[in-house]
There are 2 protein chains.
Amino acid sequence: MERDETYEHAQKLLKMTGLRPTRQRLGLAHLLFDQGNRHVTAEGLHSEACKSGLSVSLATVYNTLHQFMEAGLLNQVNLEGARTYFDTNLEPHGHYYFADRRELMDVPAPGFDKTALPAPPEGTQITRVDVIVTLHDVPK
Amino acid sequence: MERDETYEHAQKLLKMTGLRPTRQRLGLAHLLFDQGNRHVTAEGLHSEACKSGLSVSLATVYNTLHQFMEAGLLNQVNLEGARTYFDTNLEPHGHYYFADRRELMDVPAPGFDKTALPAPPEGTQITRVDVIVTLHDVPK
DNA sequence: AACGCCAAATAGAACGATTCTAATCTTATC
DNA sequence: GATAAGATTAGAATCGTTCTATTTGGCGTT
Ligand SMILES: [Mn+2]
Ligand SMILES: [Mn+2]
Ligand SMILES: [Zn+2]
Ligand SMILES: [Zn+2]
């Protein structure tokens with residue numbers, strides 16, 4: 001008796017965005033959006049998908065993540081070393097980056113006030129504000 | 001009559017850090033520290049050095065930038081797309097990133113208060129705080 | 001000034017994350 | 001079920017950066 005894989009919630013999200021509900025997109029949407037907020041890398045999500053039995057290529061994971069971003073379902077978090085994380089938390093917020101573990105966590109309370117930023121130079125507009133607090137394990 | 005290339009200021013900096021005053025390090029230190037605060041990439045600095053007549057390899061530019069960082073003469077700024085910038089401004093400060101021009105600028109006044117950050121999780125310590133405000137040219 | 005030791009510089013290969021390309025497969029429609 | 005448009009794929013290409021093995025050069029000693 002096989003598991004129910006209708007993925008109703010994922011179905012609904014894809015319908016909303018106008019993206020075709022392919023097997024890959026359904027599976028990835030399920031992994032991303034059916035278990036609370038997440039911070040994933042493309043490679044992390046890819047191996048997770050493979051482990052869960054979903055056959056999908058890394059290229060498709062990248063394509064899908066970018067499409068979900070475009071659709072406003074994900075935000076990107078850029079940090080050092082060319083690693084890009086994708087964040088299902090759409091609220092404006094900062095991040096702790098646990099450098100030793102290479103993991104991201106939302107900053108529980110905003111220690112910064114985006115509205116307190118000085119007005120940007122003429123002819124430009126703010127398109128994003130990233131606040132990244134890097135943490136290392138304390139030696140001892 | 002050739003230009004005076006004693007680079008007194010650069011000499012002094014290298015002496016302070018204990019790094020040998022090689023031709024390459026002197027030339028790079030001169031470019032970095034003898035004309036006010038700067039934000040440079042390795043490749044940018046490399047081509048600048050080449051144009052100025054200094055013979056230096058890209059590998060050495062990377063080595064030198066890292067050594068200057070280690071010595072506390074430079075800070076790193078990480079942003080999207082694997083591009084790393086090196087900053088001669090050692091004060092804590094945020095950055096505007098002009099995405100269309102790929103240029104960095106210090107945020108004139110701090111719109112955030114580092115001390116207002118919630119205490120980091122047990123067993124960890126803050127090693128850096130990055131605030132990057134990305135700007136795009138306003139269309140019209 | 002020549003000698004030798006070791007640090008530093010170098011060219012080029014390797015790397016890791018991401019993007020691209022061109023071929024194959026799916027989905028949606030008729 | 002045929003068709004056309006869209007999606008997936010493997011593998012090559014790209015980009016910034018790091019590594020490796022070799023050569024060069026700074027500097028204290030003769
Ligand atoms: Mn990744
Ligand atoms: Mn660079
Ligand atoms: Zn987050
Ligand atoms: Zn700066």
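In what follows, chains carry the letters A, B, and so on, assigned in the order in which the sequence lines appear, proteins first and then strands, with residues in each chain numbered from 1. Owing to the predicted nature of the structure, the values given are computational and were not obtained by experimental measurement. Side chains are part of it too, since the values below use all heavy atoms of this structure and drop only hydrogens, waters and symmetry mates.
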Show me the donor-acceptor pairs within less than 3.5 Å that the side chains of residues 68-78 of chain A make with the rest of the protein, sequence neighbours left out.
none

Listing, residues 27-37 of chain B side-chain donor-acceptor contacts under 3.5 Å, not counting sequence neighbours, or none:
from: B/His30; atom 1: ND1; to: B/Asp34; atom 2: OD2; distance (Å): 2.7
from: B/Asp34; atom 1: OD1; to: B/His9; atom 2: ND1; distance (Å): 2.4
from: B/Gln35; atom 1: NE2; to: B/Leu31; atom 2: O; distance (Å): 3.0
from: B/Asn37; atom 1: OD1; to: B/Thr88; atom 2: OG1; distance (Å): 3.2

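Here B/Glu48 pairs with B/Arg38 in a salt bridge; the nearest charged N to carboxylate O distance falls below 4.0 Å.
If you measure from atom CG of A/Leu19 to atom C1' of C/dT26, you get 15 Å, rounded to the nearest angstrom. In this structure, A/Gln67 atom CD and C/dT18 atom C1' are separated by 15 Å, rounded to whole Å. Regarding B/His46, its NE2 atom lies at a distance of 14 Å from the C1' atom of D/dG16, rounded to whole Å. Here D/dT18 presents its P atom at 9 Å from CG of B/Asn63, a figure rounded to the nearest Å. In this structure, B/Glu43 atom CD and D/dT14 atom P are separated by 15 Å, rounded to whole Å. Separating the CG atom of A/Leu26 from the C1' atom of C/dT27 is a distance of 12 Å, rounded to the nearest angstrom. Between the CG atom of B/Asn78 and the C1' atom of C/dA17 there is a distance of 15 Å, rounded to whole Å. Taking atom CG of A/Leu45 as the reference point, atom C1' of C/dA17 lies 15 Å away to the nearest angstrom.
Counting only residues at least two apart or on different chains, the salt bridge (Lys or Arg N to Asp or Glu O under 4.0 Å) pairs with a member in residues 118-132 of chain B are B/Arg128-B/Asp130.
The shortest distance between the side-chain N/O atoms of A/Thr41 and the OP1/OP2 oxygens of C/dA17 is not below 4.0 Å. The phosphate of C/dT18 (OP1 or OP2) has no side-chain N or O of A/His66 nearer than 4.0 angstrom. Taking 4.0 angstrom as the limit, B/Thr22 places a side-chain polar atom (N or O) nearer than this to OP1 or OP2 of C/dA9. For D/dT9, one of the phosphate oxygens OP1 or OP2 lies less than 4.0 angstrom from a side-chain nitrogen or oxygen of A/Gln24. The phosphate of C/dT19 has neither OP1 nor OP2 within less than 4.0 Å of any side-chain N or O from A/Tyr62. At least one side-chain nitrogen or oxygen of B/Thr60 sits closer than 4.0 Å to the OP1 or OP2 atom of C/dT10.
Closest contact between the side chain of A/Leu58 and the listed nucleotides D/dT9, C/dT18, D/dG16 involves C/dT18. Distance from the side chain of B/Ala42 is smallest to D/dT17 among D/dT17, D/dG11, C/dT18.
Not counting sequence neighbours, B/Asp87 has no partner by the salt bridge (Lys or Arg N to Asp or Glu O under 4.0 Å) test. Applying the salt bridge (Lys or Arg N to Asp or Glu O under 4.0 Å) test to A/Arg101 and every residue at least two apart in sequence or in another chain returns A/Glu103. Here A/Thr22 pairs with A/Arg20, A/Gln24, A/Arg25 under the side chain to side chain contact (heavy atoms under 4.5 Å, CB included) rule; sequence neighbours left out. Remark: B/Ser57 engages B/Ala59, B/Thr60 in a side chain to side chain contact (heavy atoms under 4.5 Å, CB included) (not counting sequence neighbours).
A heavy-atom distance below 4.5 Å is found between the side chains of B/Gln67 and B/Thr64.
The two residues A/Pro121 and B/Phe98 come nearest to each other via the heavy atoms CG-CZ, 3.8 Å.
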Map every base of DNA chain D to its dot-bracket character, where paired means a Watson-Crick or G-U wobble contact with both distances under 3.5 Å and | marks a partner outside the strand. ||||||||||||||||||||||||||||||
Under 3.5 Å, which protein N or O atoms sit close to an N or O of nucleotides 4-7 of chain C? Give each pair with its distance.
from: C/dA7; atom 1: O4'; to: B/Arg20; atom 2: NH2; distance (Å): 3.3

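Between A/Gly18 and B/Gln76, the residue anchored closer to the 5' end of DNA chain D is A/Gly18, taking for each the nucleotide with the nearest heavy atom.
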